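Everything quoted here is computed from the prediction, not taken from an experiment. Computed over heavy atoms, backbone and side chain alike; hydrogens, waters and symmetry mates excluded.
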Amino acid sequence: MLTVAAVAGGRAAPVMMAGMSHAPETGLEDATVIGVSISVPAPFGDELQGKRASYGDLRAQAIPAHVTLLGPTPVSAGEMPGLLDHLDQAATRVPAFTMVLRGTGTFRPLSDVVFVQVARGIAACEELERVIRSGPWFRDLGFPYHPHVTVAHDVPEDALDVAFDDLAGYAAEFEVPSFHLFAQDGAGTWVPVREFYLADGHDGHDGHDGHGDVG
């Protein structure tokens with residue numbers, strides 16, 4: 001089990017701030033708030049989402065279990081084609097890979113977050129995050145990127161303790177052939193709208209096949 005403060009030179013790295021919990025004020029009437037993430041597949045994603053709900057996290061039903069690559073970002077209708085092309089190109093830069101989730105960590109005391117750790121696949125997540133958060137989509141995070149799956153956020157301390165202990169022995173392994181573009185709907189739910197296949201992740205298809213449009 002790990003606290004992020006221990007791996008960030010004593011400074012916690014709450015990349016949940018770049019996660020999918022809160023959407024920023026866009027200031028743009030035609031903006032869609034998007035996020036980019038690796039979806040945790042069934043049955044693991046459903047299990048972790050259910051666990052998150054059981055700890056009293058009211059966001060659980062609105063946020064599928066995921067590893068964030070680009071946090072909530074307002075995108076205008078005019079910017080969307082460029083973003084889609086950017087994500088297409090980013091997907092070609094990283095091969096499909098295996099992810100292992102194991103054990104828990106926390107961003108406390110800086111932020112009230114407990115998460116399941118990414119134990120394998122960290123380098124691939126870091127590379128994807130780097131190439132996605134580049135060019136016109138670059139922004140300073142303020143903290144080092146730390147891939148993880150949030151399982152409790154802004155719940156009482158005792159619930160954070162329960163989540164940390166309950167999933168301390170958790171382990172899951174799965175293949176990551178792709179990542180998703182999500183958009184936040186009018187009810188605040190994050191909905192997958194486009195899938196982007198990594199190199200060798202899906203033969204003969206590009207990231208635009210068979211998925212809905214944004215905005």
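The two residues L160 and V114 have their closest heavy-atom pair at O-CG2, 3.5 Å. Closest of all the heavy-atom pairs between L87 and F179 is O-CZ, 3.6 Å. Across all non-hydrogen atoms, the minimal contact from A65 to G45 is CB-O, 3.7 Å. Nearest heavy-atom pair across P192 and H180 is CB-CD2, 3.9 Å. Contact record, A163 with T104: O-CG2, 4.0 Å, taken as the closest heavy-atom pair. Scanning all heavy atoms of the two residues, the minimum distance from G105 to Q117 falls at N-CG, 4.0 Å.
Taking OG1 of T189 as the start and CD1 of I63 as the end, the distance is 9.0 Å to the nearest 0.5 Å. Separation of atoms CE (M80) and NE2 (H86) is listed at 13.0 Å; rounding is to 0.5 Å. Note that CG of L69 and SG of C125 are 6.5 Å apart. Values are rounded to the nearest 0.5 Å. Put simply, OG on S178 and CZ on F196 are 10.5 Å apart, with the number rounded to the nearest 0.5 Å. Within the model, atoms CD of Q61 and CZ of R52 stand 10.0 Å from one another, a figure rounded to the nearest 0.5 Å. One finds the OG atom of S134 at 7.5 Å from the CZ atom of R93 (value rounded to the nearest 0.5 Å).
Side-chain contact between F138 and P136: absent, with no pair of heavy atoms (C-beta onward) separated by less than 4.5 Å. By the 4.5 Å heavy-atom criterion applied to side chains, D154 and R59 are counted as neighbours. Looking at heavy atoms from C-beta onward, F164 lies out of side-chain contact with V151 at the 4.5 angstrom threshold. Between F97 and P177 there is no side-chain heavy-atom pair separated by less than 4.5 Å. Taking 4.5 Å as the limit, some side-chain heavy atom of L167 sits within range of a side-chain heavy atom of L48.
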**Q.** Criterion side chain to side chain contact (heavy atoms under 4.5 Å, CB included) on L101 and F174, from CA distance to verdict
**A.** CA-CA 9 Å; L101 305 178; F174 50 88; 3.9 Å; yes
Q.
For Y170 and F44: C-alpha separation, side-chain torsions, deciding distance, then whether side chain to side chain contact (heavy atoms under 4.5 Å, CB included) applies.
A. CA-CA 10 Å; Y170 184 82; F44 311 115; 3.6 Å; yes
Q.
If you apply the rule side chain to side chain contact (heavy atoms under 4.5 Å, CB included), what do you find for W190 with S37, and how did you get there?
A. CA-CA 11 Å; W190 288 95; S37 71; over 6 Å; no
Q. Given the rule in the side chain to side chain contact (heavy atoms under 4.5 Å, CB included) test, do L181 and L84 qualify, once you have shown the distances and angles that lead to the verdict?
A. CA-CA 9 Å; L181 173 67; L84 296 177; 3.7 Å; yes
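Remark: the backbone N or O of S76 is paired with a side-chain donor or acceptor of E79 at under 3.5 angstrom. For T92 (side chain) and A90 (main-chain N/O), no donor-acceptor pair under 3.5 Å exists by modelled atom type. Judged by distance alone, the side chain of R133 and the main-chain N or O of R139 form a donor-acceptor pair under 3.5 Å. Of the possible donor and acceptor atoms, none in the side chain of H66 sits under 3.5 Å from a partner among the backbone N and O of V40.
Exactly one residue among D57, D46, D166 makes a salt bridge (Lys or Arg N to Asp or Glu O under 4.0 Å) with K51. That residue is D166. Partner of V176 under the side-chain contact (heavy atoms from CB on, under 4.5 Å) criterion, chosen from L198, L128, V94: L198.
Side-chain rings of F115 and H153 stay apart, their centers remaining 6.0 Å or farther from each other.
Legend: salt bridge (charged side-chain N to carboxylate O under 4.0 Å, His left out) pairs involving residues 170-191, not counting sequence neighbours: none detected.
The aromatic rings of H148 and F107 stand perpendicular to each other, their planes meeting at an angle above 60°, with 30° marking the opposite boundary.
Checked against side chain to side chain donor-acceptor pair (under 3.5 Å), D161 has the following partners two or more places apart in sequence or in another chain: R108.
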